[in-house]
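Worksheet: one structure, shown below.
Everything numeric here is computed off the predicted structure, so don't read it as measured data.
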Amino acid sequence: MNTKITRNDAVSTTRDSEGWIIPPIDDLRSAIDHISKVKGEYRETDHPVDPNAELAGVYRYIGAGGTVMRPTRVGPAMTFNSIKGYPDARILVGMMASRKRVSLLLGAPQRQLGLQLGRAVKHVIPPVIVAADQAPCQETVYRASDPDFDIRTLLPAPTNTPEDAGPFFCMGLLLASDPDDATISDVTIHRLCVQGRDELSVYFVPGRHIDSFRQKAEAAGKPLPISINMGLDPAIYIGACFEAPTTPLGFNELGIAGGLRGKGVELVNCVSHSQKSIARAEIVIEGEILPGKRVQEDQNTKTGKAMPEFPGYDGVANPSLPVIRITAVTMRKEAILQTIVGPGEEHVNLVGIPTEASIHNAIEVALPGFLQDVYAHSAGGGKLLAILQIKKVTPLDDGKARQAALIALGVYRELKNIIIVDEDVDLFDTNDVLWAMQTRYQGDISTIVIPGIIGHPLDPSQAPEYSPFINAKSLTSKTIFDCTVPFSLKSKFVRAKFLEVDPRPFAPDLFDGE
């Protein structure tokens with residue numbers, strides 16, 4: 001049950017049960033203020049930029065990372081203050097495009113972020129309702145009923161490439177409720193393409209909970225009220241990226257952000273319908289998913305492509321997508337539009353760290369103390385590839401290693417490949433992981449292949465034309481690479497041990513800040 005509160009504008013630093021210092025962040029602006037105090041983590045530019053492909057093209061070189069075509073890099077978050085054609089607009093990209101920055105924003109060390117998320121999902125704090133005068137997101141209101149309203153001129157939705165289906169809102173967090181039970185709500189990020197003055201298309205990956213709400217409303221011939229929330233406390237975005245079975249239907253992921261911050265996310269009643277929005281969002285688009293109406297995603301461009309997706313390829317434009325009719329737009333004064341480069345490192349962190357948390361929690365329940373760490377690797381966009389670090393202490397642990405991998409595949413259905421390594425391998429160092437594969441892996445006995453399992457629809461290789469053993473699109477072959485030393489041979493696979501010394505007196509500039 002939500003509780004009405006009066007907001008206290010003081011945002012204080014707290015320390016959680018692990019001793020992690022939780023930073024004083026409750027919205028995007030306090031997040032920017034926090035990271036801007038750390039050298040190299042944030043920058044702004046007043047150089048004019050076109051939101052149509054140019055902005056993403058610039059950030060590709062500055063900080064996109066991920067599966068973006070090389071050259072790219074992991075770099076600072078960046079705000080563009082001069083948007084061509086939009087004199088009052090600002091666009092932020094890359095807020096969570098480095099694991100170091102996510103650590104700064106959430107409070108846990110980089111290697112313990114999955115653990116922090118895993119604990120937050122077990123200790124949720126529900127959202128709270130605030131009055132309209134306590135909701136910065138409603139400082140300015142535009143109603144779609146105004147004859148001059150046009151989302152295309154109001155907000156500079158970017159494109160990632162010149163071949164995109166159209167302008168996209170890439171960091172729009174949809175909030176919707178079960179049409180039969182308003183107490184059951186869900187939040188998820190979906191790709192939203194601008195189709196007209198007051199229309200967006202929305203793409204749902206099969207199985208998403210808001211799509212189940214939409215289907216239920218459509219069966220009853222009713223529109224589904226939604227809010228699209230942009231420019232948020234990073235804890236809200238990252239908490240929203242958990243998936244079933246960790247967060248089953250009826251689990252409101254906003255409670256995870258509450259658990260991360262130690263207080264409930266503030267919601268406010270929308271101005272144009274009965275849904276709620278996130279009170280401290282920069283921009284909110286209110287609207288309804290219309291029953292029975294569909295649109296071709298690239299109807300305005302005919303490119304055949306949607307936008308770059310997390311595997312690093314352009315998604316195929318969908319021929320028939322549900323339509324959102326916009327009813328209002330509310331925003332803060334001098335609002336910041338937040339966006340993402342589709343296949344970049346920001347996607348890795350948004351979905352990958354919750355993936356790590358889900359896997360860690362599930363394996364810890366089944367095999368207590370066995371899993372040392374887990375990393376949802378950048379090469380898989382945070383979804384397709386996981387590295388499991390385990391520690392063998394008995395002969396039975398040879399079997400436990402593979403059992404842990406099977407649990408990971410069960411708890412996160414979109415995983416495709418799993419690499420298992422020993423405790424002396426740095427799972428965050430790809431070179432070290434590949435070293436383990438070269439020296440602790442024999443393909444004929446160390447590979448487990450599981451064919452014909454549901455995967456992620458955006459993996460372009462899981463199609464019948466790619467493999468004759470795939471008889472339906474969205475099925476895939478999943479593989480476990482056991483790169484661990486058999487327990488009986490551990491004494492023969494001890495890495496060379498160097499003398500432990502402090503290198504800082506010899507090269508202080510190389511270790512500045514460490």
- Between I283 and L155, is any pair of side-chain heavy atoms under 4.5 Å apart? yes
Donor-acceptor contact present, side-chain E364 to main-chain G369, <3.5 Å | yes
Taking every heavy atom of G455 against every heavy atom of T476, the minimum-distance pair comes out as CA-CG2, 3.9 Å
Set out, in order, the CA-CA distance, both residues' side-chain angles and the distance that settles side-chain contact (heavy atoms from CB on, under 4.5 Å) for I226 and E288, then state yes or no.
CA-CA 6 Å; I226 56 99; E288 300 173 325; over 6 Å; no
ask   = So, the side chain of Q372 versus the backbone of F370: is there a donor-acceptor pair under 3.5 Å, distance only?
value = yes
| query | Is there a donor-acceptor contact under 3.5 Å from the side chain of T67 to the main chain of P343? | reply | yes
Side-chain heavy-atom pair M307, Y203 within 4.5 angstrom cut-off: no
From the list T246, V121, V187, side-chain contact (heavy atoms from CB on, under 4.5 Å) with I256 holds only for V121
Exercise. When you check the gap from the basic side-chain N to the acidic O, do K392 and D397 get nearer than 4.0 Å?
Worked result: no
Quiz item: Is it true that R402 and D482 have a side-chain N and a carboxylate O under 4.0 angstrom from each other?
Solution: yes
Practice task
Using only heavy-atom distances, determine whether the side chains of K276 and S227 contain a donor-acceptor pair under 3.5 Å.
Solution key: no
| Do side-chain atoms of E218 reach the backbone of G292 as a donor and acceptor pair under 3.5 angstrom? | yes
* Asked: Is F168 close to P158 at the side-chain level, that is, under 4.5 Å between some pair of heavy atoms?
  -> no
Ion pair check, D211 and R214, cut-off under 4.0 Å = yes
CZ (F428) with more than 12 external heavy atoms under 6.0 Å | yes
Margin query: Any non-hydrogen side-chain atom of I418 less than 4.5 Å from a side-chain atom of I420?
Written below: yes
Donor on one side chain, acceptor on other, E286 and T327, under 3.5 Å
no
So do the side chains of I340 and V93 get within less than 4.5 Å of each other, counting heavy atoms only? no
- prompt: Are D459 and K383 close enough for a salt bridge, meaning some N to O gap below 4.0 Å?
  reply: no
Exercise for review: Indicate whether any N or O donor in one side chain lies under 3.5 Å from an N or O acceptor in the other, for E282 and Q338.
Suggested key: no
Is the side chain of H34 donor-acceptor paired with the backbone N or O of S30 at a distance under 3.5 Å, no angle test? no
Heavy-atom closest pair (I184 atom, G250 atom, distance to 0.1 Å) is CG2-CA, 3.5 Å
| task | Give a yes or no on whether a salt bridge exists between K391 and D422, defined as a side-chain N under 4.0 angstrom from a carboxylate O. | result | no
Check your understanding: With side chains defined as the heavy atoms from C-beta onward, is the minimum distance between I353 and I238 less than 4.5 Å?
Key -> yes
- Query: Are S461 and K416 close enough that a side-chain donor and a side-chain acceptor fall under 3.5 Å?
  - Reply: yes
### Query
Are V323 and I289 close enough that some pair of their side-chain heavy atoms sits under 4.5 Å apart?
no
Derivation of the side-chain contact (heavy atoms from CB on, under 4.5 Å) call for I228 and I326: CA-CA 10 Å; I228 301 167; I326 299 169; over 6 Å; no
### Message
Main chain of M95, side chain of E346: is a donor-acceptor contact present, judged purely on distance under 3.5 Å?
### Response
yes
Salt bridge (charged side-chain N to carboxylate O under 4.0 Å, His left out) with E199: of R325, K293, R294, only one passes, and it is K293
(Q) With a 4.0 Å cut-off on N to O distance, would you call D233 and R280 a salt bridge? (A) no
Exercise. Can you tell me if S201 and E297 form a side-chain donor-acceptor pair at under 3.5 Å?
Worked result: no
Using only atom types and a distance under 3.5 Å, with no angle test, would you say the side chain of N160 pairs donor to acceptor with the backbone of G342? yes
| said: Taking NZ in K222 as the centre, count heavy atoms belonging to other residues, nucleotides or ligands within less than 6.0 Å. Is the count above 12? | reply: no
Modelled atom types, side-chain donor and acceptor of S358 and H360, under 3.5 Å | no
Taken in chain and number order and not counting sequence neighbours, the residues that satisfy ring-ring contact (aromatic ring centres under 6.0 Å, His included) with H347 are F310
side-chain contact (heavy atoms from CB on, under 4.5 Å) test vs L415 passes for just one of I359, L385, I453, namely I359
Point to revise | pair I480-V449: side-chain heavy atoms closer than 4.5 Å | key: no
Side-chain donor or acceptor of K478 paired with backbone N/O of R413 under 3.5 Å: yes
Heavy-atom closest pair (Q138 atom, C270 atom, distance to 0.1 Å) is NE2-CA, 4.2 Å
After noting the C-alpha distance and the side-chain angles of V124 and F251, does the key distance pass the side-chain contact (heavy atoms from CB on, under 4.5 Å) rule?
CA-CA 10 Å; V124 299; F251 188 110; 3.6 Å; yes
- Message: Whether E356 and R99 form a salt bridge (side-chain N of Lys/Arg under 4.0 Å from carboxylate O of Asp/Glu) is what I want to check.
- Response: yes
In terms of heavy-atom contacts, V74 and S98 come closest through CG1-CB, 3.4 Å
- Using a distance-only test with no angle check, is there a side-chain donor-acceptor pair under 3.5 angstrom linking S378 and E345? yes
| field | A108 backbone acceptor or donor facing S103 side chain under 3.5 Å | value | yes
Please confirm whether the backbone N or O of Q389 pairs with a side-chain atom of Y375, one donor and one acceptor, at under 3.5 Å?
no
Heavy-atom closest pair (T188 atom, A240 atom, distance to 0.1 Å) is CG2-O, 4.4 Å
